[in-house]
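Note that the numbering runs from 1 along the sequence shown for the chain.
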Amino acid sequence: MIIVLKNGVDKTQIDNLVNWVKSQGLSAHLSEGQFRTVLGLIGDVSNVDIDLIKGLSIVETVTRVSEPYKNANRKFHPDDSIIEIGDVKIGGGNFAFIAGPCSVESEEQICSIAGEVKAAGANLLRGGAFKPRTSPYDFQGLRGDGIELLLEAKELTGLPIVTEIMDLSHLPLFDDVDVIQVGARNMQNMELLKALGKTRKPVLLKRGLSNTLKELLMSAEYIMAGGNGRVILCERGIRTFETATRNTLDISAVPALRELTHLPIIVDPSHAAGISRFVKTLSYTAAAAGADGVMIEVHNDPQKALCDGAQSLTPEEFAVTVRGVNRIREAAKEN
Ligand code: PEP
Ligand code: MN
């Protein structure tokens with residue numbers, strides 16, 4: 001249920017209403033936007049007397065929210081959420097480039113790529129330490145050592161780091177990680193999502209291969225229901241009947257999610273395409289669609305990459321992509 005308050009209502013009146021909501025066993029989510037103040041009620045609202053609330057002098061409108069995701073719902077929070085990671089902001093007009101190799105392979109590899117993507121305009125460094133590979137015989141990642149190497153690259157470049165968690169039991173290893181990624185395969189690992197909800201770390205939540213946007217938002221809701229509102233959504237391509245690309249980039253997800261939620265939305269063109277020469281075009285498409293960022297795999301020697309070399313850009317190609325994306329963002333602003 002959302003209660004839109006009248007303009008100019010004073011704080012004591014809002015506090016009284018919030019306290020009353022809580023006394024009904026519900027939780028209250030207050031969003032003081034630029035143009036209006038909205039109070040979202042979360043919990044079982046079936047017994048709440050809507051007419052009683054409508055009759056209050058400070059209330060403009062009351063509506064029941066039918067969507068099962070409440071915290072993630074734009075109706076509860078009309079303004080875009082901005083997630084801050086150190087000096088980097090994502091959302092609400094702030095665009096981020098997240099770049100780096102699919103997986104951390106060595107100190108030399110991650111540190112040199114980190115320097116190069118930073119010089120090209122990256123705001124955050126990505127790199128998998130725990131890798132969800134389809135085959136158990138493929139490189140599984142450097143695990144805890146990989147996180148240590150990412151932290152070294154961070155120290156060197158100042159870039160905050162993004163890396164994937166695959167199992168709840170590894171959470172203590174992520175203490176110094178800036179953004180925890182939940183990969184497509186774990187989007188519905190509810191226990192993991194609940195545990196991340198108890199942290200206050202930004203979570204980059206990737207859409208599952210066969211999941212709807214509603215399911216993605218419900219997964220975000222799991223994290224947010226625990227009190228962690230710092231969720232960034234990522235469209236990374238879905239499974240379709242098409243085989244020309246690794247997955248199919250669902251670009252409509254960007255405008256569709258934009259309406260449904262206030263959370264930042266980024267696009268991963270690398271896993272969507274699976275083919276490096278398509279990554280630039282898909283990045284441009286993401287920028288034109290109004291995404292809040294792109295996450296791009298970059299490797300200094302793609303042909304020798306231990307994972308996802310075929311979809312990895314060289315640092316030079318990444319630099320060209322950054323420049324093009326920025327030009328498209330400028331052009332999009334003019335509309
Ligand atoms: C990744 O980002 O390296 C990754 C494994 O992505 P996804 O979960 O989208 O497949
Ligand atoms: Mn990858």
Side-chain angles (χ1 to χ4, degrees), residues 1-46 48-50 52-85 88-96 193 196-205 213-214 216-233 254-266 290-293:
M1 183 177 285
I2 57 169
I3 306 174
V4 178
L5 301 178
K6 286 187 180 151
N7 282 336
V9 173
D10 70 48
K11 198 176 165 319
T12 337
Q13 290 173 297
I14 298 177
D15 286 348
N16 288 342
L17 182 55
V18 168
N19 289 337
W20 177 80
V21 167
K22 288 184 181 160
S23 74
Q24 304 296 299
L26 302 167
S27 55
H29 178 287
L30 187 66
S31 168
E32 289 173 285
Q34 219 182 326
F35 304 107
R36 53 185 199 161
T37 301
V38 172
L39 185 66
L41 273 51
I42 300 169
D44 180 6
V45 291
S46 52
V48 172
D49 184 348
I50 196 161
L52 187 90
I53 301 172
K54 275 184 184 159
L56 298 174
S57 63
I58 61 169
V59 170
E60 176 111 26
T61 56
V62 185
T63 27
R64 288 192 188 272
V65 175
S66 51
E67 296 87 357
Y69 51 91
K70 310 291 179 190
N71 286 282
N73 202 317
R74 188 176 280 284
K75 288 178 185 157
F76 272 31
H77 191 292
D79 292 340
D80 289 344
S81 276
I82 299 173
I83 313 286
E84 296 190 25
I85 305 139
V88 181
K89 291 185 181 156
I90 307 185
N94 302 284
F95 191 93
L193 301 176
L196 293 172
K198 291 196 194 114
T199 73
R200 291 297 172 263
K201 292 250 186 223
V203 177
L204 194 159
L205 178 64
L213 297 182
K214 185 174 165 189
L216 174 62
L217 291 169
M218 288 312 293
S219 291
E221 193 69 21
Y222 262 93
I223 301 167
M224 299 176 89
N228 183 3
R230 303 173 79 196
V231 180
I232 301 159
L233 304 172
V254 179
L257 285 170
R258 185 67 75 213
E259 280 187 6
L260 299 171
T261 181
H262 53 89
L263 296 173
I265 305 148
I266 68 160
D292 299 300

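Scanning all heavy atoms of the two residues, the minimum distance from His262 to Asn71 falls at NE2-O, 2.7 Å. Across all their heavy atoms, Asn228 and Arg200 have their closest contact at N-NH1, 3.6 Å. The two residues Pro202 and Ile85 have their closest heavy-atom pair at CG-CG1, 4.0 Å. Closest of all the heavy-atom pairs between Val65 and Asn73 is CG1-ND2, 3.5 Å. Across every non-hydrogen atom of Arg64 and Val45, the tightest pair is NH1-O, 3.2 Å. Smallest separation of non-hydrogen atoms from Ala28 and Val18: CB-CG1, 4.1 Å.
No side-chain heavy atom of Gln13 sits under 4.5 Å from any side-chain heavy atom of Leu17. Between Arg74 and Asp80 the shortest side-chain heavy-atom distance falls below 4.5 Å. Residues Leu5 and Val59 form a side-chain contact, since some pair of their non-hydrogen atoms from C-beta on lies under 4.5 Å apart. When side chains are defined from C-beta on, Leu217 does not count as touching Lys214, because their heavy atoms never get closer than 4.5 Å. At a threshold of 4.5 Å between non-hydrogen side-chain atoms, the residues Ile53 and Ile3 count as touching. The shortest distance between side-chain heavy atoms of Pro68 and Glu221 does not fall below 4.5 Å.
Here Leu196 contributes atom CG and Ser219 contributes atom OG; the two are 11.5 Å apart, rounded to the nearest 0.5 Å. The CG atom of Leu213 sits 11.5 Å away from atom CD of Glu259, with the distance rounded to the nearest 0.5 Å. Going from atom CG of Leu260 over to atom NZ of Lys75 covers 9.0 Å, rounded to the nearest 0.5 Å. For the atom pair CD1 (Ile265) and CG (Leu257), the distance works out to 5.0 Å, reported to the nearest 0.5 Å. The NZ atom of Lys70 sits 8.5 Å away from atom CD1 of Ile42, with the distance rounded to the nearest 0.5 Å. Taking CE of Met218 as the start and CG of Leu193 as the end, the distance is 11.0 Å to the nearest 0.5 Å.
Salt-bridge check for Arg258 with Asp292: passed, with a basic side-chain N closer than 4.0 Å to an acidic carboxylate O. Using a 4.0 Å cut-off between a side-chain N of Lys or Arg and a carboxylate O of Asp or Glu, Glu60 and Arg36 do not qualify as a salt bridge.
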Could you walk me through whether Trp20 and Leu52 pass side chain to side chain contact (heavy atoms under 4.5 Å, CB included), step by step? CA-CA 12 Å; Trp20 177 80; Leu52 187 90; 3.8 Å; yes
Apply side chain to side chain contact (heavy atoms under 4.5 Å, CB included) to residues Leu204 and Ile266 and explain how you reach the verdict. CA-CA 9 Å; Leu204 194 159; Ile266 68 160; 3.8 Å; yes
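Crowding of Lys201 atom NZ: a count of heavy atoms from other residues, nucleotides or ligands under 6.0 Å exceeding 12. Within a 6.0 Å sphere centred on NZ of Lys6, heavy atoms belonging to other residues, nucleotides or ligands number more than 12. Heavy-atom contacts from other residues, nucleotides or ligands closer than 6.0 Å to CZ of Phe76 number more than 12.
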